[in-house]
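To start, the structure under review is shown below, and the notes come after it.
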There are 2 protein chains.
Amino acid sequence: MREKPIQKQVFSRFLKERGQRFTKERSAILEKTMSRNGHFEPETLYIEIRKAGAKASRASVYRTISLLCECGLIEQVRKTEHGTVYERSFGHEHHDHMLCIGCGSAIEFYSDKLERLQEDLCRQQGFQGTTHTLEIRGYCRKCQKKKKQT
Amino acid sequence: MREKPIQKQVFSRFLKERGQRFTKERSAILEKTMSRNGHFEPETLYIEIRKAGAKASRASVYRTISLLCECGLIEQVRKTEHGTVYERSFGHEHHDHMLCIGCGSAIEFYSDKLERLQEDLCRQQGFQGTTHTLEIRGYCRKCQKKKKQT
DNA sequence: TTATAATTGAGAATGAGTCTCAATTACAAT
DNA sequence: ATTGTAATTGAGACTCATTCTCAATTATAA
Ligand SMILES: [Mn+2]
Ligand SMILES: [Mn+2]
Ligand SMILES: [Zn+2]
Ligand SMILES: [Zn+2]
């Protein structure tokens, strides 16, 4: 007999505090987001959920994604021309991204030096920073090679 | 008799190279973007242009914005839920942003240390970085005070 | 002047995301 | 278990930024 996963606890507690309910639709959506490893978009998630036979409408997917952001289990990575990209933040330490223009792949990285430097910069400006996003665009190793061959 | 502003030269040269024409619509749009100091959105620009009596359709505004991005006179700052934000990049050195969650104001800043650190990080990952965006969200001085008073 | 190709604008189309609302469901109190 | 109340759901309508279509216009070169 297994324990209730901790993300479920977090989410249902979050909902309860607000007088909201932990329904099976929300549960299905939570599970899919937590099982995903990389970045994802709402529509993709919706399709996966349908395929898996679980029932949840597109509207519920969007509504639940908002809730999951509010309670900190997932977060927005960026907005693109085709939609918003999210990723699990629960059990996934803060990091920034290098994004390949060639193939769309993303490298996740973390630098303590970078984080501290940002704090300094905020201090210098009298700004109280709470979150940040750094996105470096360019070419991954593979795409650099491809470019040379051409 | 004044010289043709350099941005016009840049843009018309860019267009000519591609067999495209420097029309009065494009010229009007270029002028408005170059006269703007801060961040702007296409719709705002369109409205300003109309008010100024110049004629250019929304379609042309969007089309010209793309061209101006391609030739490097302006660039995308970020995408929000209500649309895309641009800024002039011609004569406006590279910088990053601190964005106030309270009032929406933006602080522009530049740090050489930060730029160099990013280069290091790319090197470490074998990534060939070309551009980046760093956005720090939080509270500006004014909004920090407001918060305390509450 | 003419042929050719680029451009324009009005409005239709697209598509992500939100909203509406009647029907369903969860929950708590009896 | 029954009932009352409030939250939730899903289908599809709607919004709104952006792109597309296409006939009419305009620039350019021959
Ligand atoms: Mn990530
Ligand atoms: Mn700026
Ligand atoms: Zn790549
Ligand atoms: Zn502020």
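Hydrogens, waters and symmetry mates play no part in the numbers below; they use all other heavy atoms, side chains included. Here is the naming used below: chain letters follow the sequence lines, and residue numbers restart at 1 for every chain.
- Straight-line distance from the OH atom of B/Tyr62 to the P atom of D/dC16: 13 Å, rounded to whole Å.
- For the pair A/Thr84 and C/dG17, the criterion of a side-chain N or O lying under 4.0 Å from OP1 or OP2 is met.
- DNA chain C is contacted by no residue of residues 72-83 of chain B, taking any non-hydrogen atom closer than 4.0 Å.
- Proximity of a side-chain donor or acceptor of B/Ser89 to a complementary backbone N or O of B/Gly72 within less than 3.5 Å is detected.
- Atom CG in B/Leu67 sits roughly 13 Å away from atom C1' in C/dT8 (whole-Å rounding).
- DNA chain D is contacted by both B/Thr23 and B/Ala59; B/Ala59 maps to the nucleotide lying nearer its 5′ end (nearest heavy atom per residue).
- Salt-bridge check for A/Arg18 with A/Glu70: passed, with a basic side-chain N closer than 4.0 Å to an acidic carboxylate O.
- B/Lys8 has its side chain within reach of B/Glu31: a pair of non-hydrogen atoms, C-beta onward, lies under 4.5 Å apart.
- Checked for salt-bridge contact, B/Arg116 and B/Asp120 miss the test: no charged N lies under 4.0 Å from a carboxylate O.
- Checked against B/Leu30 for a side-chain contact (heavy atoms from CB on, under 4.5 Å), the options B/Thr64, B/Ile74, B/Leu73 give a single hit: B/Leu73.
- Evaluation of the ring-ring contact (aromatic ring centres under 6.0 Å, His included) rule for A/Phe22 yields A/Phe11 as partners, not counting sequence neighbours.
- Contacts between residues 24-51 of chain A and DNA chain D, defined by a heavy-atom separation below 4.0 Å, involve A/Glu25, A/Arg26, listed by number.
- Distance CD1 (A/Ile65) to P (D/dT9): 14 Å, rounded to an integer number of Å.
- The aromatic rings of B/His95 and B/His39 sit parallel to each other, their planes meeting at less than 30°, with 60° as the upper class boundary.
- Atoms CD (B/Gln20) and C1' (D/dA27) sit 13 Å apart, rounded to a whole Å.
- Each of C/dA26, C/dA10, C/dG17 was ranked by its minimum atom distance to the side chain of A/Arg21; first place goes to C/dA26.
- If you measure from atom CZ of A/Phe22 to atom C1' of C/dA26, you get 14 Å, rounded to the nearest angstrom.
- Under a 3.5 Å cut-off, the side chain of B/Arg36 and the backbone N or O of B/Gly38 do not form any donor-acceptor pair.
- Note: CZ (B/Arg58) to C1' (C/dG11) measures 11 Å, nearest angstrom.
- B/Lys113 NZ: 12 or fewer foreign heavy atoms inside a 6.0 Å radius.
- As rounded to whole Å, 6 Å separates atom P of D/dT9 from atom CZ of A/Arg63.
- If you measure from atom CG of B/Leu15 to atom P of C/dT7, you get 7 Å, rounded to the nearest angstrom.
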